[in-house]
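Data first, discussion second: the structure below is written as structure tokens.
Since we're looking at a predicted model, the values are computed, not measured. By convention here, the first residue in the shown sequence is residue 1. All ligand and atom numbering here is 1-based and tracks the order in the structure.
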Amino acid sequence: MNAVAKPVFNKKAITDIRHDWSREEILALFTQPFSDLMFQAQTVHRANFDPNQVQVSTLCSIKTGACPEDCAYCPQSARYDTGLEKEKLMAVQAVIDEAKAAKASGATRFCMGAAWRSPKGRDMGYVTDMVKGVKGLGLETCMTLGMLKSEQAEQLADAGLDYYNHNLDTSPEYYGDVITTRTYSDRLETLDNVRNAGMKVCCGGIVGMGEEESDRAGLLQQLANMKEHPESVPVNMLVKVEGTPMADQADLDPFDFIRTIAVARIIMPKSHVRLSAGREEMNEQMQAMAYLAGANSIFYGEKLLTTPNPEASKDMLLFKRLGIHQESYELHMDEKEQEAALVKSLADEQESIKNDKFFYTA
Ligand code: SAM
Ligand code: DTB
Ligand code: SF4
């Protein structure tokens, strides 16, 4: 390792927000011994967050399938036969009902996703009503609707949308191997529009799509060198869906996934790093390691957008076993509600242990 590439680790490095990361520096973080990387990530995490606190968001697919884009990982692209039933835009009240259920099971943020390249003018009234209704329940709101023009971003911000999710997915160099129907700079433009409208940015990517370590470094470099770091950085592990071009992608080394979380934590010290898609394929030990590496947010609830996620009761039990508490949980639920939710989830868990389903399939 040369002098430039050697990871710098001092007191200043723990809390400093930098926007000038080189690819070499980030790669040097990736390639250091696992134990050193984990120690560094933990140190940064503890200097910036309560290490035992995790934020929970629930996803809702408000418009499913039939997407014109060709994202090679995505079960919702109309170009691949994945057997997914397409659905029209949900009614506003139906979305609010789902949000109520998510709140009752302990989520503090409700993320609404649509399989669109971008919303049409006629969609905006519906989605802004959804934002207002969900916010009215006392939940944080997030949407992911594809590309946004600046006026659309402003409409969403005016409706009270807290976060907009728009992922870069991978490095600029690998992007063309994954998606051809829109460019990296299209994505960056939407992210600028979201920022300029005053919303918080949720932006991350996918690991396990056949990319190299330098592509993972390249994705994180793009995120960390933005004018402001995204407040939320979802790190998804590819969910391999039958019918998509990525269905037969080779398994990712789990340590490479954990390394990605750890490096994201180190170079974006104050962002929430979300352990996102792919948890259904991770055992509890791997998830615990992701929390140790600095992940402090998850998607909670048994479905992501179209694919399965661990049951909420399993997550609650894992949180209990690890001594993790939910961020802002107490802001959104009174003590009795919290207690009732915990008792219910523990009872559900006992049931699934009886059925010998304690560990997720590794
Ligand atoms: N259509 C909008 C867009 O692409 O911006 C929003 C919905 S899209 C499904 C949201 C994100 O989900 C994608 O950017 C991608 O990062 C993630 N995603 C989709 N399919 C996935 C899969 N099979 N495995 C992991 N992440 C996936
Ligand atoms: C993100 O980064 N991951 C979420 C959310 N943002 C919208 C979506 C994951 C989707 C996984 C595949 C599916 O369930 O369709
Ligand atoms: Fe469409 Fe989004 Fe899926 Fe791409 S990731 S195919 S844009 S729903």
Side-chain angles (χ1 to χ4, degrees), residues 57-80 82-87 89 109-119 123 127 141-148 152 163-170 174-175 178-184 186-191 193-194 201-211 219 223 230 232-249 252 257 260 264 272-282 295 297-310:
S57 298
T58 291
L59 277 168
C60 173
S61 183
I62 60 169
K63 189 265 164 188
T64 305
C67 182
E69 301 286 73
D70 71 349
C71 313
Y73 49 75
C74 186
Q76 303 204 66
S77 167
R79 295 164 195 249
Y80 317 129
T82 61
L84 183 71
E85 291 244 343
K86 56 183 185 204
E87 286 165 31
L89 183 62
R109 189 178 307 158
F110 193 66
C111 304
M112 295 158 267
W116 283 327
R117 172 176 165 84
S118 54
D123 302 319
V127 295
T141 49
C142 176
M143 277 189 163
T144 179
L145 313 173
M147 292 183 281
L148 293 184
Q152 293 175 316
Y163 288 81
Y164 195 78
N165 167 246
H166 201 65
N167 290 339
L168 289 174
D169 283 338
T170 188
Y174 196 59
Y175 189 83
V178 180
I179 300 155
T180 69
T181 49
R182 50 172 155 69
T183 62
Y184 215 75
D186 288 333
R187 296 302 269 186
L188 292 170
E189 197 178 310
T190 291
L191 290 165
N193 293 340
V194 168
V201 170
C202 172
C203 183
I206 307 179
V207 183
M209 299 192 293
E211 74 285 343
L219 166 69
L223 299 173
S232 169
V233 179
V235 182
N236 296 280
M237 189 174 84
L238 175 70
V239 179
K240 296 179 215 170
V241 179
E242 205 60 52
T244 64
M246 295 218 170
D248 298 321
Q249 198 56 252
L252 180 74
F257 181 81
T260 310
H272 278 77
V273 176
R274 182 171 305 126
L275 168 58
S276 303
R279 288 198 300 119
E280 186 70 350
E281 297 299 317
M282 296 175 200
S297 173
I298 58 164
F299 286 122
Y300 178 72
E302 60 203 39
K303 205 163 170 204
L304 291 164
L305 288 173
T306 67
T307 63
N309 197 38

Can you name the atoms of ligand 1, numbered from 1 with element, that are less than 4.0 Å from a heavy atom of [X]?
X	result
Asp169	14 (O), 15 (C), 16 (O)
Trp116	1 (N), 2 (C)
Asn167	11 (C), 13 (C), 14 (O), 15 (C), 16 (O)
Met237	25 (C)
Arg187	3 (C), 4 (O), 5 (O)
Leu305	9 (C)
Ala114	1 (N), 2 (C), 6 (C), 7 (C)
Arg182	4 (O)

| Are any of the N/O atoms in Asn236 less than 3.5 Å from those in ligand 2? |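 Among all N and O atoms of Asn236, at least one is under 3.5 Å from an N or O of ligand 2.
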| query | Taking both backbone and side-chain atoms of Val239, is any N or O found less than 3.5 Å from an N or O belonging to ligand 2? | reply |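 No - when backbone and side-chain N and O of Val239 are compared with those of ligand 2, no distance drops under 3.5 Å.
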| query | For atom 1 (Fe) of ligand 3, which of Pro75, Gly113, Cys67, Gly146 has the closest heavy atom? | reply |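 Minimum heavy-atom distance to atom 1 (Fe) of ligand 3 goes to Cys67.
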| Per atom 7 (C) of ligand 2, closest listed option by heavy atom (Asn165, Thr82, Asn167) |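 Minimum heavy-atom distance to atom 7 (C) of ligand 2 goes to Asn165.
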| request: Could you tell me whether ligand 1 has any atom less than 4.0 Å away from a heavy atom of Gly146? | output: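 A heavy atom of Gly146 does come that close to ligand 1.
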State, yes or no, whether a side-chain contact exists between [X] and [Y] at a heavy-atom distance under 4.5 Å.
X	Y	value
Trp116	Val127	yes
Leu252	Met209	no
Ser57	Cys111	yes
Gln76	Leu84	yes
Leu275	Phe257	yes
Ser232	Tyr163	yes
Cys142	Arg109	yes
Leu168	Tyr184	yes

Counting only heavy atoms closer than 4.0 Å, does ligand 2 sit against the backbone of [X], its side chain, both, or neither?
X	answer
Pro75	side chain
Thr307	both
Val241	neither

| request: Measure Thr144 to ligand 1 on non-hydrogen atoms and call it side chain, backbone, both or neither using the 4.0 Å cut-off. | output: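 The answer is both, backbone and side chain.
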| request: With heavy atoms only and a cut-off of under 4.0 Å, state how Val239 meets ligand 1: side chain, backbone, both or neither. | output: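 Both backbone and side chain of Val239 come within 4.0 Å of ligand 1.
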| Does some non-hydrogen atom of the protein lie less than 4.0 angstrom from atom 26 (N) of ligand 1? |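 Yes; the ligand atom in question has protein heavy-atom contact below 4.0 Å.
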Identify, by atom number and element, the atoms of ligand 2 in contact range of [X], meaning under 4.0 Å from any of its heavy atoms.
X	result
Thr306	13 (C), 14 (O), 15 (O)
Thr144	7 (C)
Leu59	4 (C), 5 (C), 7 (C)
Pro234	2 (O)

Give me the residue, atom name and distance of the protein heavy atom closest to [atom].
atom	result
atom 8 (C) of ligand 2	Leu305 CD1, 3.9 Å
atom 21 (C) of ligand 1	Tyr73 CD1, 3.6 Å
atom 4 (C) of ligand 2	Phe299 CE1, 3.6 Å

| For ligand 2, is Tyr73 a contact, meaning one of its heavy atoms is under 4.0 Å away? |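 No, Tyr73 has no heavy atom closer than 4.0 Å to ligand 2.
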Give the atoms of ligand 3, by number and element, whose distance to some non-hydrogen atom of [X] is under 4.0 Å.
X	answer
Arg182	4 (Fe), 7 (S)
Ala115	8 (S)
Cys71	4 (Fe), 5 (S), 6 (S), 7 (S)

Heavy-atom donor-acceptor pair, [X] side chain to [Y] backbone, under 3.5 Å:
X	Y	answer
Asn165	Thr144	no
Thr181	Asp70	yes
Arg187	Asn167	yes
Thr244	Val241	yes
Lys63	Ala115	yes
Thr58	Phe110	no

| said: Applying a heavy-atom cut-off of 4.0 Å, say which part of Lys63 lies close to ligand 3: side chain, backbone, both or neither. | reply: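 It is neither; nothing of Lys63 touches ligand 3.
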| message | For Phe299, does the six-membered ring have the charged nitrogen or CZ of Arg274 within the cation-pi criterion, i.e. under 6.0 angstrom from the centroid and within 45° of the normal? | response |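 Here Arg274 passes the 6.0 Å and 45° test against Phe299.
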| request: Give, for atom CE of Met246 and atom OH of Tyr73, the distance between the pair rounded to the nearest 0.5 Å. | output: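 OH of Tyr73 is found 9.0 Å from CE of Met246.
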| Counting backbone and side chain alike, does Cys74 bring an N/O/S atom below 2.8 Å of atom 4 (Fe) of ligand 3? |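 False for Cys74.
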| field | Verdict with reasoning, Leu238 to Gln249, per side-chain contact (heavy atoms from CB on, under 4.5 Å) | value | CA-CA 9 Å; Leu238 175 70; Gln249 198 56 252; 3.9 Å; yes
| Ion pair present between Arg182 and Glu69, side-chain N to carboxylate O less than 4.0 angstrom? |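 Counted as a salt bridge, because a side-chain N and a carboxylate O are separated by less than 4.0 Å.
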